[in-house]
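I have placed the structure first, in the form of structure tokens, so that the comments after it can refer back to it.
Values in this document were obtained by computation on a predicted structure and should not be read as measured data. Letters A, B, ... mirror the listed sequences (proteins, then strands); counts begin at 1.
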There are 2 protein chains.
Amino acid sequence: MSVRIDALDRKILVELQRDASQSLDVIAGNVGSSKTPVWNRIRKLREAGVIGKQTVILDAESLGFEACFFVLIRTSEHEADWQGAFLKALQDRPEVQEAHRLAGDIDYILKVRVKNARAYDAFYQALISEVRVHNVTALLSMEEIKSTTDLPLEG
Amino acid sequence: MSVRIDALDRKILVELQRDASQSLDVIAGNVGSSKTPVWNRIRKLREAGVIGKQTVILDAESLGFEACFFVLIRTSEHEADWQGAFLKALQDRPEVQEAHRLAGDIDYILKVRVKNARAYDAFYQALISEVRVHNVTALLSMEEIKSTTDLPLEG
DNA sequence: TTTGAAAGTGCGCGGAC
DNA sequence: GTCCGCGCACTTTCAAA
């Protein structure tokens, strides 16, 4: 399962994170190697699942997504079937961009991206009608100070 | 500044989000158009900043990033220079994947991705030595249930 | 605004080293 | 393993409808 990843692999990943549209030649130049080895390594990293999907980052605001909420959820239910239903509800809702199960007091945190506060309310009503949750706190983002998908691979 | 985005643009954006490595021909086929118009629209959307950077999503766990924290921050300082210093501190730290200024009780939320709990502590100590914060709560993620960068453009 | 075609570029794979 | 080179597919441009 675990993959051996050396310094050259990491350099390649850094380049791909930075700009996945770069040509093989350019990447090879930037990491101090040449096409074929770089290409083979990328292929292996893809097969191993280290490299996931290739995508573009869209500007949420230009597309009318002007509200972003972090939702803190406490529940009293901890059985497997409840958890399954909750998980499925989250997977099915595209406005949920992130969902984590937490350790401690709060059980789950969600990041929900919607067009406006009304759309959030619609999401919230739909969610609590599908699964029982004990307590919900919504934190409204006023400003996205930073947002990146890059992992700090240099360390 | 604002861009008019029609149904065809949205279809193209959906395709790009789904898989940015698709060839123009394939995208054109999927959205019911042909190469050149699709290409021109993509160019305009890029220039308008609607389409941001093209990247790959890497698997955090295979790369040794096994801890993810959501950090809730309260501060008593609200002056511009403090905010500037805080903002810069966050921008400079690559382990901070997201940072939002919030409305209400809690002032900021961060998403911090690190190799382990010790690395989080190092981050935390470094942060509070740079800027004064009143109160910090860290929520430890046990499981990433869902994670996507896709915006729900169909709605 | 779309179509089609033409030129340039990069990929993916074969070899040899 | 890395380097080199070829065929093919792709991107990007530019006419013309």
Rounding to an integer number of Å, can you tell me how far [X] [atom1] sits from [N] [atom2]?
X: A:N40; N: D:dT2; atom1: CG; atom2: P; value: 8 Å
X: B:Q22; N: D:dA9; atom1: CD; atom2: P; value: 19 Å
X: A:D19; N: C:dG10; atom1: CG; atom2: C1'; value: 15 Å
X: A:L8; N: D:dG1; atom1: CG; atom2: P; value: 12 Å
X: B:E47; N: D:dT12; atom1: CD; atom2: P; value: 13 Å
X: A:R46; N: C:dC11; atom1: CZ; atom2: C1'; value: 12 Å
X: B:W39; N: C:dA5; atom1: CH2; atom2: C1'; value: 16 Å
X: B:R43; N: D:dT13; atom1: CZ; atom2: P; value: 7 Å

- Query: A:T36 near the nucleic acid: base, sugar-phosphate alone, or nothing, with a heavy-atom cut-off under 4.0 Å?
  - Reply: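 Base contact.
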- Do B:I5 and B:L45 have side-chain heavy atoms sitting under 4.5 Å apart?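 The answer is yes; the side chains approach within 4.5 Å.
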Listed nucleotide nearest any side-chain atom of [X], set [options]:
X: B:D25; options: D:dC3, C:dT2, D:dC10; answer: D:dC10
X: A:L24; options: D:dT2, C:dC11, D:dT12; answer: C:dC11
X: B:S23; options: C:dG10, C:dT3, D:dT11; answer: D:dT11

- Whether A:W82 and A:Y108 hold their rings parallel, tilted or perpendicular, with breakpoints at 30° and 60°: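 It falls in the tilted class, 30° to 60°.
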- Message: For A:H134, is the NE2 atom crowded, meaning more than 12 foreign heavy atoms sit under 6.0 Å from it?
- Response: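 No, NE2 of A:H134 has 12 or fewer neighbouring heavy atoms, counting only those of other groups under 6.0 Å.
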- Below 3.5 Å, does any donor atom in the side chain of B:K35 face an acceptor in the base of C:dG4, or the other way round? no
- Query: Rounded to the nearest 0.5 Å, how far does CZ of B:F86 lie from CD1 of A:I145?
  - Reply: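 Answer rounded to 0.5 Å: 6.0 Å.
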